[in-house]
Amino acid sequence: GEKSMIRQSFDNNFAFSDLTPSELEPMVDAFEKVEYQKGDTIAEKGERDCFFYVVQDGEVSFDVEGTSVAKGKSGDVFGELALVYSCNRATTVKADGETSLLRLHQNNYRHIRKHQVARSVSGRMRLLKKVHFFKDADELDLIQLASAMVPHIFKAKDDLTHTFKEAPFCLIEEGSVKSSSDTGSP
């Protein structure tokens, strides 16, 4: 359904790449559905548009000076730059027929992100306090460390060997990891 399509649109998308699955859910819930008819302008080149879009049904054209330069179909996305950076549209986007889009407003995105950052830092501080090495650490040091921590999201069966060799230390914030020796046995 709609929510599944929205979740898929987050895959490999820089605007959402650092969020955990549980952090993505408020984003999913903030999308709204909009309908357009053939020829309707969704976004105009050079104008500020504050939405990230997922094409649910139908097709859109991306036009520059009246010439179609690309098409978008079900599952395709556009508007990440406008969402994150408040950029003006690089192309005019029009509906090629009856088209349903799912969209997320920049204000909703930023509001959710702001609250997630605050929760993430406090959650990471709680996680750090559970680590014996940090039990006597100064609060300010923990805040700085928690703020500097970068989340990495992995899928089931991903090989994390390279990631863990590169990082000074890793904490599992959500989920679980199976470790095995060089011989392949647990």
- Message: Check this for me, if you would: do K71 and D76 make a salt bridge, where the nitrogen-to-carboxylate-oxygen distance has to be below 4.0 angstrom?
- Response: no
- Item | Ring centres under 6.0 angstrom apart (F52, Y109) | no
- Message: Hydrophobic clustering (ILVMFWY, side-chain heavy atoms < 4.5 Å, transitive) - are V55 and Y36 grouped together?
- Response: yes
- Hey, does S86 have a side-chain heavy atom less than 4.5 Å from the side chain of R110? yes
- Message: Please determine whether a side-chain nitrogen of the Lys or Arg among E44 and K94 lies less than 4.0 Å from a carboxylate oxygen of the Asp or Glu.
- Response: no
- Are V84 and I6 co-members of a hydrophobic cluster defined by side-chain heavy atoms under 4.5 Å apart? yes
- If we only count heavy atoms from C-beta on, is the K3 to D29 side-chain gap below 4.5 Å? yes
- Query: Passes side-chain contact (heavy atoms from CB on, under 4.5 Å), N108 versus F31? Steps please.
  - Reply: CA-CA 9 Å; N108 293 338; F31 274 77; over 6 Å; no
- Task: Verify side-chain contact (heavy atoms from CB on, under 4.5 Å) between E2 and Q56, making sure each step is shown before the conclusion.
- Result: CA-CA 8 Å; E2 287 179 13; Q56 183 180 27; 3.0 Å; yes
- Query: Cluster question for you: counting only ILVMFWY and a side-chain heavy-atom cut-off of under 4.5 Å, with indirect links fine, are L81 and V54 together?
  - Reply: yes
- Message: Assess the residue pair I42 and L101 against the criterion (side-chain contact (heavy atoms from CB on, under 4.5 Å)); give the C-alpha distance rounded to whole Å, side-chain angles, the decisive distance to 0.1 Å, and a yes or no.
- Response: CA-CA 10 Å; I42 299 161; L101 302 176; 3.7 Å; yes
- Query: Between the main-chain N or O of K45 and the side-chain N or O of T92, is there a donor-acceptor pair closer than 3.5 Å?
  - Reply: yes
- Query: Taking it one step at a time, do E59 and K38 satisfy side-chain contact (heavy atoms from CB on, under 4.5 Å)?
  - Reply: CA-CA 9 Å; E59 194 172 89; K38 182 177 179 147; over 6 Å; no
- Heavy-atom distance under 4.5 Å between the side chains of L128 and L145, does that happen here? yes
- Message: Would you say that more than 12 heavy atoms from the other residues, nucleotides or ligands in this model lie under 6.0 Å from the CD of E35, or not?
- Response: yes
- Message: So does I143 get a backbone contact from the side chain of S147, meaning a donor-acceptor N/O pair under 3.5 Å?
- Response: yes
- Message: Does the structure place the NZ or CZ of R103 under 6.0 Å from the centre of the six-membered ring of Y53, at an angle of no more than 45° from the ring's axis?
- Response: no
- Query: Would you say the side chains of N88 and E47 form a donor-acceptor pair under 3.5 Å?
  - Reply: no
- Item | Same apolar cluster: V77 and Y85, side chain cutoff 4.5 Å | yes
- Any side-chain heavy atom of R113 within less than 4.5 Å of one from L19? yes
- Determine the interplanar angle of the F16 and F10 rings, folded into 0 to 90°, and report it as parallel if under 30°, tilted if 30 to 60°, perpendicular if over 60°. tilted
- Message: Any heavy-atom pair between the side chains of M5 and S74 that's under 4.5 Å?
- Response: yes
- Item | Where F51 and H105 come nearest, the two heavy atoms and their spacing | CZ-CD2, 3.3 Å
- Message: Would you say that more than 12 heavy atoms from the other residues, nucleotides or ligands in this model lie under 6.0 Å from the CZ of F14, or not?
- Response: yes
- Message: Is it the case that atom CG in N12 sees more than 12 heavy atoms from other parts of the structure closer than 6.0 Å?
- Response: no
- Item | K73 atom NZ, over 12 foreign heavy atoms within 6.0 Å | no
- Query: Are the charged groups of R7 and E25 less than 4.0 angstrom apart, N to O?
  - Reply: yes
